[in-house]
Trainee: 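Got a structure for you, questions after.
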Number of protein chains: 2
Amino acid sequence: MLKLTKKADYGLMALKYLAERPETVALSAKDIADAYGIPAQLLAKILQQLTRAGLLRSHAGMNGGYALSREAREISAYEVIHAIDGPFFITSCTKGAKGCELTPSCTIKEPLARVNDTIAGVLKSISIQDLAEHEHPHGRGHEVKALVSLTL
Amino acid sequence: MLKLTKKADYGLMALKYLAERPETVALSAKDIADAYGIPAQLLAKILQQLTRAGLLRSHAGMNGGYALSREAREISAYEVIHAIDGPFFITSCTKGAKGCELTPSCTIKEPLARVNDTIAGVLKSISIQDLAEHEHPHGRGHEVKALVSLTL
DNA sequence: TAGTATACGACCAATTATGTCGGCGTTTCA
DNA sequence: TGAAACGCCGACATAATTGGTCGTATACTA
Ligand code: FES
Ligand code: FES
């Protein structure tokens, strides 16, 4: 519940890995998978999704692989999660399109939609760069602040 | 992903329903389930969990049922979700206790733990009362503001 | 003591998440 | 020019989680 899927986790890990190595031209799915000990084929599929979403650039052939398509600073955690797991709604019903069967009775989704937006906002304010930077063990380095206001 | 379970949803709906009827002494699981068209037995189990967690008071026998054990204002959405789905961690690994197998390789969970706390904070700042109040269709009524700061 | 309710655990069913396989297209380089 | 290293894609198979049901025991009321 309210938990990132492993896929999203893997995706974030991979992007972070790439962000930490800006000098390299490209890294293969296998390289990254090995670095973290996660299933290579699964990661490959995830990276493909991220490529389709435009977050990565891919290159086939020998010495091919994946590279960030933009600055790490310009890629938000939200985009990654969205690309992998699709749009997320904290409520069970999507509320979009046709809504769920309970729509008339369930009066709770409206306020929760605000919560949903708030969380999305938090995720949007975090970039891959933020994740990568946090490497320096005792650094007080860039202290990124995200301020979110929730108005019910 | 990143979605409330139906159980949590049902739980919130039920508490909201109770909060909207402060005058009633108690409502049975069936009453509430019927009001929303959700499985009565399932809701019963949920209400039992909430009772164990101390959010509700229960009373068996005729005219028995459940009632809020505190002011709606004093019950947060976080407590409800926590009582039903257990502690939540946005990261796949719990990080507590023994952590997951990936611990040494996965360097992403630490920053995400902050995000986790932020979201928990948002949820904690929302009370059942807030959900119930939001009923008045065009009211600009109580505008509850929750300010959350995220520092990576 | 009949009737209405909660309490709780075992169990099954549905859904979703995770991971695998096989075949195909591309690029590099010897 | 062809083998190796790679990405691309869809169809599985499996595992884990959720959602929901049943049966029975217990508690309270009238
Ligand atoms: S869960 Fe669909 S309307 Fe509330
Ligand atoms: S998922 Fe467990 S350490 Fe990252």
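Chain letters run A, B, ... following the sequence lines, proteins first, then strands; residues in each count from 1.
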Trainee: Mind calculating the distance between CG (Leu42(A)) and P (dA16(D)) to the nearest angstrom?
Mentor: 15 Å

Trainee: For the pair made of CD1 in Ile84(A) and C1' in dA17(C), what is the distance, rounded to whole Å?
Mentor: 13 Å

Trainee: Does the base of dT21(D) carry an N or O that pairs as donor and acceptor with the side chain of Lys45(B) under 3.5 Å?
Mentor: yes

Trainee: Rounded off to whole Å, could you give me the CZ-to-P distance for the Arg57(B) and dA7(C) pair?
Mentor: 13 Å

Trainee: Using a heavy-atom cut-off of 4.0 Å across all strands, would you classify Arg52(A) as base, sugar-phosphate, or nothing?
Mentor: sugar-phosphate

Trainee: Go through Leu55(A) and Leu68(A) one step at a time and tell me if the side chain to side chain contact (heavy atoms under 4.5 Å, CB included) criterion holds.
Mentor: CA-CA 6 Å; Leu55(A) 303 181; Leu68(A) 299 181; over 6 Å; no

Trainee: Looking only at side-chain atoms of Lys6(B), point me to the closest of dC28(D), dG25(C), dG20(D).
Mentor: dG20(D)

Trainee: In whole angstroms, how far is the P atom of dT18(D) from the CD1 atom of Ile38(B)?
Mentor: 18 Å

Trainee: Can you tell me if the side-chain N/O atoms of Tyr10(A) get under 4.0 Å from OP1 or OP2 in dA17(C)?
Mentor: no

Trainee: Both Leu47(A) and Asn63(A) contact DNA chain D. Which one's nearest nucleotide lies toward the 5' end?
Mentor: Asn63(A)

Trainee: Is the shortest side-chain N to carboxylate O distance from Glu133(B) to Arg73(B) below 4.0 Å?
Mentor: yes

Trainee: Let me spell it out: for each of His59(A) and Gln41(A), pick the nucleotide of DNA chain C with the closest heavy atom. Which residue's pick is nearer the 5' end?
Mentor: Gln41(A)

Trainee: Apply side chain to side chain contact (heavy atoms under 4.5 Å, CB included) to the pair Leu18(A) and Ile128(A), showing each step before the final yes or no.
Mentor: CA-CA 9 Å; Leu18(A) 287 170; Ile128(A) 295 301; over 6 Å; no

Trainee: Side chain of Thr5(A) only, heavy atoms from C-beta on: which candidate in dC28(D), dT18(C), dC8(C) is closest?
Mentor: dT18(C)

Trainee: If I take atom OH in residue Tyr66(B) and atom P in nucleotide dA27(D), what distance separates them, rounded to the nearest angstrom?
Mentor: 15 Å

Trainee: Nearest-Å distance, CG (Leu50(A)) to P (dG7(D))?
Mentor: 13 Å

Trainee: Between P on dA5(C) and CD on Gln48(B), what's the gap in Å once rounded to a whole number?
Mentor: 14 Å

Trainee: With the threshold set at 4.0 Å, does a side-chain nitrogen-carboxylate oxygen contact exist between Glu79(A) and Arg70(A)?
Mentor: yes

Trainee: Could you say whether Met62(A) or Ala8(A) is positioned toward the 5' end of DNA chain C, judged by the nucleotide with the nearest heavy atom to each?
Mentor: Ala8(A)

Trainee: When you check the phosphate oxygens OP1 and OP2 of dA7(C), does a side-chain N or O of Ser58(B) lie under 4.0 Å from one of them?
Mentor: yes

Trainee: How many Å lie between NZ on Lys30(B) and P on dT6(C), as a whole number?
Mentor: 11 Å

Trainee: With side chain to side chain contact (heavy atoms under 4.5 Å, CB included) as the test, would you mind laying out the steps for Tyr10(B) and Lys45(B) before giving the verdict?
Mentor: CA-CA 11 Å; Tyr10(B) 292 162; Lys45(B) 263 207 313 200; over 6 Å; no

Trainee: Base, sugar-phosphate, or nothing: which does Ala29(B) touch, judged by heavy atoms less than 4.0 Å apart?
Mentor: sugar-phosphate

